[in-house]
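I have placed the structure first, in the form of structure tokens, so that the comments after it can refer back to it.
Letters A, B, ... mirror the listed sequences (proteins, then strands); counts begin at 1. Given the structure is predicted, the values throughout are model-derived calculations rather than measurements.
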Amino acid sequence: ETRTLTYATYLPQSFTWVQVDDWFMDEVEARTEGRIKFERNYGGSLLGPVEVFPGVSSGAADLGTGGAVYNTDMLPLAGGLLLPFVTENADAAARAFTDLSLSSGALAQEWKAANLAPSYSLVATENSFWTNKAIETTDDLKGMRIRASGGVAQVLQMLGATPVAMGMGDGVQAFKSGAIDGFSAAPFDVSTLVGLQDIATHAGDAGRLGVYAAVTLAFNLNTWESLSEEDRAVISEVAAGAPAKYLEIADASIAAAIDKIKAAPQLKIVRTSPEVDAEWREKTRETVWNGWIDELEAKGIPARATFDEFRRLVAEKEPGSDYTPGFDRMQAEPN
Amino acid sequence: MTGIEIALLMGAMLIVLLLVGTPISFALGATGVAGLALARSWQSVLFLVGSKPFAFTAELTLIIVPLFLLMGHLAFSAGISRRAFEAARAWVGHIRGGLAMTTILASALFATVSGTSVATAATIGRIAIPEMLRFGYRERLAAGAVAAGGTLGVLIPPSGVLVIYSIATGTRLSDLLLAAILPGIMTAAAYMVGVHLLARFHPGFQSTQVLPREGWTRRGTTLLKAWDLWLLFAVVIGSIYAGVATPTEAAGVGATMALIIALFRLRGNVRQLVSGFIETAVSTAAIFALIIGAGLFSLGLSATQVPQDLASWVAMQDVPPTLLLILVLLPFLFLGAVVDGLSMILLMMPIVFPIITDAGINPVLFGILVTKMTEIGVITPPVGLNVFVVKGAYPELRISEAFKGCIPFVVIELILTGVLIFCPGLVLWWL
Amino acid sequence: MRWIDRAHIALGSVSGLCILAIMAIVTPDVIARKTVSYTIPGAAELNTLLLVTLIYLGLAAAEAKRAHFVVTLLTDSLTPRYRHIAAIISTLVSLGYVGFLAWLTTLAASKSFLSGETTFGVVSFPVWPSRIAVALGLSLLTLQLLVELVRLLGGRPAHIRDREGAGQ
Ligand code: NA
Ligand code: NA
């Protein structure tokens with residue numbers, strides 16, 4: 001007997017995260033020998049960005065990949081945990097996020113209270129800047145209108161830039177026409193997927209804000225509990241392999257991004273000095289971190305302890321990870 | 001019930017509801033909800049119906065619709081469009097279909113800044129239709145030219161559809177935009193030739209009046225007198241080109257400019273200004289009711305898995321690439337009659353795209369062809385979004401006449417699609 | 001014209017005011033951004049809220065002005081008696097559809113209000129006012145369709161959606 005589970009994501013199938021989901025679903029379908037099949041809905045055709053977790057939670061889909069950042073009322077910890085300046089290692093961050101979600105702490109409780117059973121979290125590659133002038137110092141940011149959101153926007157605002165809220169597609173068109181001076185809150189490899197390397201004159205990872213966005217594949221808790229123990233075991237086993245699969249897919253995606261960047265003749269890569277990076281960090285980090293922590297603590301949510309634990313886990317995973325940030329890797333490669 | 005049975009039931013229900021005179025938006029929405037209720041769990045229905053009416057409308061870029069509609073209304077009531085068409089009349093009035101050809105040219109020009117066909121049709125509609133009717137043009141020619149001219153908004157870059165296609169498939173946006181230029185220009189040119197031939201030879205489209213040729217003095221003075229339209233277009237188009245504003249913002253600035261001009265021109269005729277705002281609000285609501293209904297319909301239909309199964313079936317046929325390409329485009333064409341283009345791309349691309357690339361069909365070419373299919377969808381009944389936008393801009397219009405007016409343009413589109421399929425060099429020449 | 005129609009056309013004026021408000025935000029925002037690199041905080045979020053409000057308050061006004069698009073292919077050729085029956089069927093279906101939406105969006109709005117749903121962007125902006133606008137607009141439209149249905153069942157003739165919904 002086959003049970004068809006409905007999967008939904010707001011992300012298009014071309015994104016690396018969705019490729020991991022496809023691999024996950026293919027594996028589960030194969031290893032449950034036809035007991036479980038997935039009806040796959042990509043690109044928001046069933047649930048949009050804001051709808052994935054509320055929709056999966058209420059049973060509109062059985063599982064889905066979404067960003068908790070869109071539902072901070074429902075998932076305040078998961079939605080804010082990935083603050084700038086925590087790490088540049090997407091692989092370590094993904095593993096830490098997944099472990100913390102599956103542990104017994106406050107983050108795990110939060111998923112449960114939202115009627116969700118997370119399987120794995122993936123973290124976007126590190127933040128990058130795509131601009132129409134070089135950003136070498138914090139002064140260069142003054143007056144620049146840059147597409148950004150969340151923690152990245154906060155950092156930019158504190159340093160004197162004007163963050164502008166826009167979706168990917170609109171942002172690209174606005175940048176192309178010159179209505180904005182730059183594009184950020186953009187993961188390294190995703191940026192080349194939307195063609196920023198063909199529009200910008202300068203690119204880099206100024207300030208080294210690191211990774212800042214996570215997505216999670218979660219099941220509806222009732223659906224999850226209704227599955228047989230055997231099937232749950234298979235799903236958990238496959239999910240445990242997701243971080244390694246993501247590293248493999250992300251690696252290829254970063255390599256493809258580097259090729260595209262190298263093929264863009266007008267594009268200059270700007271690397272900021274460690275001193276400048278430190279200045280970005282010192283001017284903004286504590287305020288951004290504490291701002292988020294205090295806001296949640298005031299509501300009785302143990303944000304500080306969760307955040308500290310998250311950073312500890314990240315630090316634990318970093319040494320064993322093969323991940324190299326895109327621009328670092330590009331610089332290290334022979335031309 | 002199987003998916004196919006539900007889909008057939010939905011089709012029957014939609015036809016019956018439309019025939020008894022249910023507003024199209026409600027008929028589509030009710031059918032979509034019924035399809036959802038049959039094909040998905042009750043929890044799904046509760047969540048989706050509670051959430052989608054908000055999600056379909058809470059999208060910043062959509063403010064472009066009421067803003068351009070208002071700009072058109074104000075330009076009309078302040079007489080801006082009247083003076084502009086006096087100029088157009090003086091220059092091309094003696095050519096058969098000249099004013100409709102000018103309308104298409106204006107649409108093409110506007111399309112270089114607008115990324116959607118709705119915005120293009122909304123802006124041009126109110127300005128052009130009453131003027132063409134005043135000069136004895138047939139309703140169907142006037143409406144067809146504006147509705148079809150609006151589709152240029154998508155094909156001539158920038159283009160919202162191409163951005164979605166690019167993101168959904170990972171095809172380079174710059175390649176797509178570059179590739180769209182020539183087909184966009186070809187479409188505009190073919191429309192203009194089509195209009196001229198229709199106005200000359202087709203009894204249903206011929207003008208009731210023959211306008212005299214005007215002298216150069218009159219041509220010059222009318223051109224100067226239409227300064228406020230030039231100013232309006234210069235501000236809207238100029239601010240986007242100069243990188244001052246996004247299209248959404250330019251729409252806001254354009255509407256504000258039109259309001260200022262109207263305040264001067266209408267001196268104290270507040271009633272007319274107020275009615276412009278209300279009419280725009282009402283038209284906007286009617287257009288969005290349709291977008292919401294079509295969105296729910298599309299959710300219901302995709303829940304039956306019929307479009308996806310159809311695409312998979314087509315893709316499995318062992319046929320030469322060109323035939324495969326045509327077969328893959330067909331569902332887009334048929335579904336385009338009821339479902340909007342962006343939903344279709346999001347729904348079908350995951351199934352169709354791998355097969356297209358496996359067959360060695362160029363993804364850029366495919367993107368342009370899919371865009372053409374979505375263009376056709378907005379001018380075909382029963383859900384021809386552009387036709388309704390034009391009606392929203394000019395409420396006196398008869399929808400049946402407008403759809404009749406679109407038929408020749410659909411034919412032109414199909415011919416052009418065939419030309420692009422068999423001469424892909426027209427799309428890919430620069431590669 | 002009936003009181004309810006009048007009330008809804010008054011709502012249409014509020015809806016029109018929303019457009020004016022959007023213009024009053026967008027234009028200074030563009031100018032300020034270009035001249036002094038200043039962006040009005042929350043302008044994008046506020047404009048989205050205004051758009052949703054303008055659409056949903058406008059829905060009832062559109063019904064009052066018979067501006068929703070219809071196909072009159074068949075109804076034009078019906079006798080008054082059958083046209084009346086067709087109007088009852090179509091109003092009933094519309095009422096069912098819009099009422100169902102009104103009910104569920106009201107639930108969604110109250111949930112959003114209670115949980116304090118906010119947008120994700122440069123600033124956090126409350127989402128519940130937009131959701132309330134959706135629910136309110138749909139509820140008013142439900143009320144209006146209900147009045148229409150009662151009127152039809154009482155034997156009064158259908159509003160003619162003349163010229164395919166041109167109305168007015
Ligand atoms: Na365009
Ligand atoms: Na259509």
Inset, instruction - Find the one option among Val52(C), Thr119(C), Val127(C), Ile85(C) whose heavy-atom pairs under 4.5 Å with chain B are most numerous. - result: Val52(C)
Legend entry - Heavy-atom pair of closest approach, residues Leu59(C) and Ala285(B): N-CB, 3.4 Å
Inset, instruction - Mind listing the closest non-hydrogen atom pair of Ile278(B) and Ser13(C) along with its distance? - result: CD1-OG, 3.5 Å
Inset, instruction - Select, from Gly58(C), Ala24(C), Ser15(C), the one with the greatest count of heavy-atom pairs under 4.5 Å involving chain B. - result: Ser15(C)
Inset, instruction - Tell me, for Val45(B) versus chain C, whether the close heavy atoms (under 4.5 Å) come from the side chain, the backbone, both or neither. - result: both
Legend entry - Interface residue of largest heavy-atom contact number with chain C, from Leu70(B), Leu18(B), Leu46(B), under 4.5 Å: Leu46(B)
Inset, instruction - Find the distance between CZ (Phe54(B)) and CD (Glu117(C)) and round it off to the nearest 0.5 Å. - result: 6.5 Å
Legend entry - Leu259(B) side, atom CG; Leu20(C) side, atom CG - distance, nearest 0.5 Å: 7.0 Å
Legend entry - Nearest-0.5 Å distance, OG of residue Ser90(C) to CG of residue Leu19(B): 11.5 Å
Inset, instruction - For chain B, find which of Ala86(C), Ala133(C), Ala109(C), Gly137(C) contributes the most heavy-atom pairs closer than 4.5 angstrom. - result: Ala86(C)
Inset, instruction - Measure across Thr48(C) and Glu59(B) and return the closest heavy-atom pair with its distance rounded to 0.1 Å. - result: CG2-N, 3.7 Å
Inset, instruction - Check whether any side-chain heavy atom of Val98(C) sits under 4.5 Å from a side-chain heavy atom of Phe26(B), and report yes or no. - result: yes
Legend entry - Rounded distance (nearest 0.5 Å) linking atom OG1 of Thr61(B) with atom CG of Asn47(C): 11.5 Å
Legend entry - Sub-4.5 Å side-chain heavy-atom contact between Tyr56(C) and Ile292(B): yes
Legend entry - Toward chain C, the part of Leu67(B) with a non-hydrogen atom under 4.5 Å: side chain
Inset, instruction - With a 4.5 Å cut-off on heavy-atom pairs, point out which of Ala250(B), Ala245(B), Pro53(B) contacts chain C the most. - result: Pro53(B)
Inset, instruction - Identify which part of Tyr82(C) has an atom lying under 4.5 Å from any heavy atom of chain B, answering side chain, backbone, both or neither. - result: neither
Inset, instruction - Scan Val33(B), Leu28(B), Thr31(B) and name whichever one has a side-chain contact (heavy atoms from CB on, under 4.5 Å) with Tyr97(C). - result: Val33(B)
Legend entry - Student check: side-chain heavy atoms of Val26(C) and Ile63(B) closer than 4.5 Å: yes
Legend entry - Top of Ser94(C), Ala102(C), Ala60(C), Ala61(C) for chain B proximity - count of heavy-atom pairs under 4.5 angstrom: Ser94(C)
Legend entry - Of Leu60(B), Thr57(B), Leu62(B), the residue whose pairing with Leu51(C) passes side-chain contact (heavy atoms from CB on, under 4.5 Å): Leu62(B)
Inset, instruction - Write down the atom of Ala108(C), the atom of Gly50(B), and the distance for their closest heavy-atom approach. - result: CB-O, 3.5 Å
Inset, instruction - For Ile19(C) and Phe277(B), work out which heavy atoms get closest and say how close. - result: CD1-O, 4.0 Å
Inset, instruction - Could you look at Ile22(C) and say if it's the side chain, the backbone, both or neither that has a heavy atom under 4.5 Å from chain B? - result: side chain
Legend entry - Part of Leu17(B) lying under 4.5 Å from any heavy atom of chain C: side chain
Legend entry - Value rounded to 0.5 Å, distance of CG in Leu101(C) from NZ in Lys52(B): 13.0 Å
Inset, instruction - Could you check which of Ala27(B), Ala255(B), Ala58(B), Gly29(B) has the highest count of heavy-atom pairs closer than 4.5 Å to chain C? - result: Gly29(B)
Inset, instruction - Locate the shortest heavy-atom distance separating His68(C) from Ala289(B); write the atom from each residue and the value. - result: CE1-CB, 3.7 Å
Legend entry - Heavy-atom contact with chain B under 4.5 Å, split by part of Leu46(C): neither
